[in-house]
2 protein chains.
Amino acid sequence: MVRAGLTPERLTLAGAELADEVGFDQVTVSALARRFDVKVASLYSHLKNSQELKTRIALFALEELADRVADSLAGRAGKDALAAFADAYRDYAREHPGRYAAARLRLDPETAAASAGVRHAQMTRAILRGYDLTEPDQTHAVRMLGSVFHGYVSLELAGGFEHSAPDARESWAWIVDSLDALLRNRATPSHT
Amino acid sequence: MVRAGLTPERLTLAGAELADEVGFDQVTVSALARRFDVKVASLYSHLKNSQELKTRIALFALEELADRVADSLAGRAGKDALAAFADAYRDYAREHPGRYAAARLRLDPETAAASAGVRHAQMTRAILRGYDLTEPDQTHAVRMLGSVFHGYVSLELAGGFEHSAPDARESWAWIVDSLDALLRNRATPSHT
DNA sequence: AGTATCTGCCTAAAGCCTTTAGGTATCGGA
DNA sequence: TCCGATACCTAAAGGCTTTAGGCAGATACT
C-alpha cells in the first residue's frame, strides 16, 4: 500500500484545478479522493471538513490573483494602471473560472481579514491615488470598481454576453475607458 | 390521508420563500417536502427533478423583479429613471436575497430567451434612450449598468461593505450619480 | 348511487456525498 | 531492530436525489 503523499497544500492545489475543470461547487471531498485514488475518509486526516477545503481553495485563489495583479501593476500609474488592474482581473477569471468563483466565497470576518483580500483593497486604493479623490469619494470609488469588475466578469462567465455583438472585450475596453473618465471628473480641483 | 394540494406553482413559491430564509443553494427537494409535510418522492410527480425546481424559482424571481422594476420606472425618465431602476434592483435583493440569487442562476439559452430576462434588457435600454447614445455605446452601457448593479448588490449581500464607513447606501447614491454623469458625457453631441 | 378510472401521495430501494470511529500498515528515528 | 507516530483503510450512520411500483381518495360516467 503505497502512500499517496497527501498534504493540505496538495489537496488545495488539486481542488483548485478540479474547480477550474468542473466548477467550484462541484468540488467535493469525494471527487478529490477519487483524483488521488484514495478512500474518502483518508482526506479527513488532512481537512477538517468540506467547508475547510473550500475555504482553503478560496484563500489560495485570492493569493494567486493578488500576485498577478501586483505584477501587472508594477511600474504603472493612472489609466494605465486601471486598465492593467482590470485586465489582470478579467484574464484570471477567464483562465481559472473555478478559482475565480472560489475567490468570491464568503469568508468569515477573521479569515477575510487575514486573507489576500486585504491586498486587493490596498492595490485598488493605490490606483485611485492617481486620481486625487477626497476621502469619502475614494471609498465610494473602491466599491464601484469592485462592483463593476466583479459584476462584469460574473456576467461574462455566466455567458451573458455570448451571443450578441459587439464582442465582450470591446465592452470591457469601453467600460475601463469610461471609468477612467469618470474618476478624472471626480478629482478634486487641482491646487496648481 | 388528506391530500396536500401540491402544484408546481405552489412548490415554486414555497421554494422562493425557502430560498429567502435559508439561501438559494440550501433549497432542496427534501427541504421542500418537509415544509409541506409530505414524503420526498411525492414531489417528483410535480417536478422533473431538483434542477427544474431551481429553474422555476429563477424564472419566478426574474418575473417578479421585472414587475417591480417596471412599476418603479413608470412615468420617470433620465436620471430619475436610472435611480429608480437601481433602487428597485437593490431593494429587491435586500428583501429577497434568496430569490435574487435564484435570478442569477444560469439558464440554458432557450429558457433564458423565454424568460423575463428579456424584459430586463428592454427596460435597461429604455432608460438609456434618455441619454442619446449611439448604437455600439448603448450596448456597452447596458452591459456596464448590468455589471455595476449586479456586482454591487452581490458584494453588499456577501457582506463586503458591512463593517466599514461610509454606509453602503451612500456609496450606492454616489455610484448612481456617477453613472448618470458618465452617460451624459457619452451622449452624442446634441443636434440643436 | 355505484362503479371505474385516474391521479396524488406513499413505501421501498439504490446511488452518491459527508463525517466519525476505530483499525492496520508504513515510515523515520533511536 | 524495534517502536512510536502517522497515513490510509474499513465500517457505518445520516442526508439528498431519483426511480419503481402500490393504495386510496377524487372524479367521471352510467
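What you see is a predicted model, and the numbers here were worked out from it, not measured in a lab. Protein chains get the first letters and strands the later ones, always in sequence-line order, with residue 1 at the start of each.
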Rounded off to whole Å, could you give me the [atom1]-to-[atom2] distance for the [X] and [N] pair?
X: B:Arg10; N: C:dG8; atom1: CZ; atom2: P; answer: 13 Å
X: B:Leu47; N: C:dG8; atom1: CG; atom2: C1'; answer: 14 Å
X: A:Leu53; N: C:dT18; atom1: CG; atom2: P; answer: 9 Å
X: B:Gln51; N: D:dT18; atom1: CD; atom2: P; answer: 9 Å
X: B:Lys54; N: D:dC16; atom1: NZ; atom2: P; answer: 12 Å
X: A:Glu52; N: C:dT19; atom1: CD; atom2: P; answer: 11 Å
X: B:Arg35; N: C:dC9; atom1: CZ; atom2: P; answer: 17 Å
X: A:Leu11; N: D:dA7; atom1: CG; atom2: C1'; answer: 12 Å

Check this for me: does any side-chain nitrogen of one of A:Asp177 and B:Arg186 sit under 4.0 Å from a carboxylate oxygen of the other? yes
Can we say A:Asp67 and A:Arg119 salt-bridge, meaning some charged N sits less than 4.0 Å from an Asp/Glu carboxylate O? yes
Need one value for B:Leu6: base, sugar-phosphate or nothing, where a base atom within 4.0 Å counts as base even if backbone is also close, heavy atoms only. sugar-phosphate
Which atom pairs, one a donor and one an acceptor, fall under 3.5 Å between side chains of residues 10-21 of chain A and the rest of the protein, sequence neighbours left out?
residue : atom : partner : partner atom : Å
A:Arg10 : NH1  : A:Ala4  : O            : 3.1
A:Arg10 : NH1  : A:Gly5  : O            : 2.8
A:Thr12 : OG1  : A:Pro8  : O            : 2.7
A:Asp20 : OD1  : A:Gly98 : N            : 2.9
A:Asp20 : OD1  : A:Arg99 : N            : 3.0
A:Asp20 : OD2  : A:His96 : ND1          : 2.8
A:Asp20 : OD2  : A:Arg99 : NE           : 2.8
A:Glu21 : OE1  : A:Arg35 : NH2          : 2.5
A:Glu21 : OE2  : A:Arg35 : NH2          : 3.4

Kindly point out which of D:dT10, D:dT19, D:dT18 is positioned nearest to the side chain of A:Ala41? D:dT10
Is the shortest heavy-atom distance from the side chain of B:Tyr89 to the side chain of B:Tyr152 under 4.5 Å? no
Side-chain contact, heavy-atom cut-off 4.5 Å: A:Arg68 with A:Glu95? yes
Below 4.0 Å: OP1/OP2 of [N] and any side-chain N or O of [X]:
X: B:Ser45; N: C:dC9; answer: no
X: A:Ser42; N: D:dC9; answer: yes
X: B:His46; N: C:dT7; answer: no

Without swapping roles, check the side chain of B:Ser147 against the backbone of B:Arg143 for a donor-acceptor pair under 3.5 Å. yes
Which residues satisfy the side-chain contact (heavy atoms from CB on, under 4.5 Å) test with A:Thr111, sequence neighbours excluded? A:Thr55, A:Leu59, A:Leu107, A:Asp108
Are any protein N/O atoms closer than 3.5 Å to N/O atoms in nucleotides 15-17 of chain C? If there are, list each pair with its distance.
residue : atom : partner : partner atom : Å
C:dC17  : OP1  : A:Arg34 : NH2          : 3.0
C:dC17  : OP2  : A:Arg34 : NH1          : 3.3

